[in-house]
Amino acid sequence: MAEIIDGKTIAESVNEEVRHQIGKLDERPRLAMILVGDDPASSVYVQRKIDTCRKVGIETISARLDPDTDEQSLLSMIESFNSSSSFNGILVQLPLPEQINVKHVIEAINPAKDVDGFHPVNIGRLSVRSSVPYLHPCTPWGIMHMLDTVYERTEHHSGLQGKRVVVIGQSNIVGRPLSIMLQNDGATVHMCDKYTPDLLDEVQGVDIIISAVGVPGLLNKKMIEATGRDDVTIIDAGITKKDKKVVGDADPEIYEQVGYYTPVPGGVGPVTVAFLMRNVVKAYHIQNNLPVPSLPWKTDDNNIS
Ligand code: GUN
């Protein structure tokens, strides 16, 4: 019978550690959050982030801008947060309305305040395994931490060395940075997407399947059978609203056929928010030239290979 990787419990322990680290600082870290438009799902996500900030001791201000806000107005607001020493982190909730170029927005954020870890400077540092402290994208970082609970990391070895991983979905938010983190930890990574001719051919013999595409049922019984294994680990980072319920990419039927799995809801989602909290505290340390405290259970930089 499969074991659950319980995102809620993992997130609580990360949040507790973050709360503890904030207790040792001279002042509370501050996060500025910007939401453009009135997308209901984005509003829910932002509210969840605000609530978690309150729980761990991060101060927030949130700006809600009209759906027809132009790009220059948003860039000016980002610039004011960039230049204010009162704010340690800046987060612009995605997606943005079509009149705004998301790449311009991401690149406008000061990389030291980029708590989403999306800025090319932060992604570049991740890619070259920089020893300079930088900010990691939260969902992939959270997924790496969830994998640590299954594939135990030691001081000298990542538990992922030599593991065969298929990542489905090549987004800048999840799939691409995650593939880099997995490679940095010594995994053999195979990237797939909606153009992959036959996913069933690609999953044969793999240890781990990670899906982040937002297609319910993409991970189904046939796919698990195609792995030829009964102990594969499934990480489900897909989120779709279906019949008023939030569902992932995995059909829950497969849970009994696998080794470990993350549920939806209660899997990757809460861990992503916890690692956002972690990034705000990390940003505070970086900006104040303080040594970044590492998490007790994991090295911060994926430098093992
Ligand atoms: N929209 C969906 N996921 C994310 C995320 O991780 N950060 C931001 N800013 N927007 C998102």
Side-chain angles (χ1 to χ4, degrees), residues 7 11 14 31-53 58 60-65 67 69 71 74-75 77-78 81-82 87-98 100-111 113-120 122-123 126 134-146 167 169-181 210-215 235-241 246-249 262 264-265 267-280 282-283:
V14 175
L31 171 64
M33 260 184 280
I34 306 172
L35 174 62
V36 187
D38 43 22
D39 176 58
S42 290
S43 298
V44 170
Y45 296 142
V46 167
Q47 191 56 48
R48 224 169 261 166
K49 292 171 188 177
I50 292 172
D51 292 345
T52 312
C53 280
I58 292 168
T60 56
I61 76 146
S62 61
R64 284 170 190 257
L65 305 181
T69 299
E71 186 176 304
L74 177 56
L75 295 179
M77 179 173 268
I78 290 169
F81 290 131
N82 275 343
F87 293 97
N88 305 103
I90 303 168
L91 182 148
V92 180
Q93 185 65 25
L94 305 180
L96 290 166
E98 60 184 19
I100 300 177
N101 182 324
V102 64
K103 292 184 179 170
H104 295 169
V105 170
I106 288 170
E107 297 206 21
I109 296 172
N110 174 352
K113 296 189 178 186
D114 167 38
V115 288
D116 263 324
F118 295 160
H119 194 286
N122 285 316
I123 296 293
L126 172 68
Y134 60 93
L135 299 166
H136 296 67
C138 305
T139 302
W141 200 19
I143 290 173
M144 294 303 287
H145 180 58
M146 293 176 104
V167 177
Q170 299 204 24
S171 71
N172 286 348
I173 295 183
V174 186
R176 280 171 187 270
L178 178 60
S179 73
I180 299 168
M181 291 183 194
I210 303 173
S211 186
V213 283
V215 176
I235 304 288
D236 188 351
I239 293 188
T240 308
K241 204 141 190 218
V246 173
V247 298
D249 290 346
T262 63
V264 175
V268 172
V271 180
T272 294
V273 177
F275 275 82
L276 171 66
M277 304 299 115
R278 167 77 183 137
N279 258 354
V280 177
K282 192 170 180 185

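We count ligands from 1, going down the list as the structure has it; atoms in each ligand are counted the same way. Since the structure is predicted, the reported quantities are computational estimates derived from the model, not experimental observations. Positions are given from 1 along the sequence.
- Between K49 and V273, the closest heavy-atom pair is CA-CG1, 4.2 Å.
- Short contacts between ligand 1 and F118, defined as distances under 4.0 Å to a heavy atom of the residue, involve ligand atoms 5 (C), 6 (O), 7 (N).
- Ligand-side atoms of ligand 1 in range of D116: 5 (C), 6 (O), 7 (N), 8 (C), 9 (N), range being under 4.0 angstrom from any heavy atom.
- For L94, a nitrogen or oxygen atom sits less than 3.5 Å from a nitrogen or oxygen atom of ligand 1, counting backbone and side chain alike.
- In this structure, K282 satisfies the cation-pi test against Y134, with its NZ or CZ atom closer than 6.0 Å to the six-membered ring centre and inside 45 degrees of the ring normal.
- The shortest distance between side-chain heavy atoms of I239 and V268 does not fall below 4.5 Å.
- In terms of protein heavy atoms, atom 11 (C) of ligand 1 is closest to Q93 NE2, 3.4 Å.
- Between P111 and L135 there is no side-chain heavy-atom pair separated by less than 4.5 Å.
- The protein non-hydrogen atom at the shortest distance from atom 3 (N) of ligand 1 is I173 CD1, 4.3 Å.
- No option in L65, I109, V102 other than I109 meets the side-chain contact (heavy atoms from CB on, under 4.5 Å) test with V92.
- Residue contacts with ligand 1, taken as heavy atom pairs separated by less than 4.0 Å, involve V92 solely via the backbone atoms N, CA, C and O.
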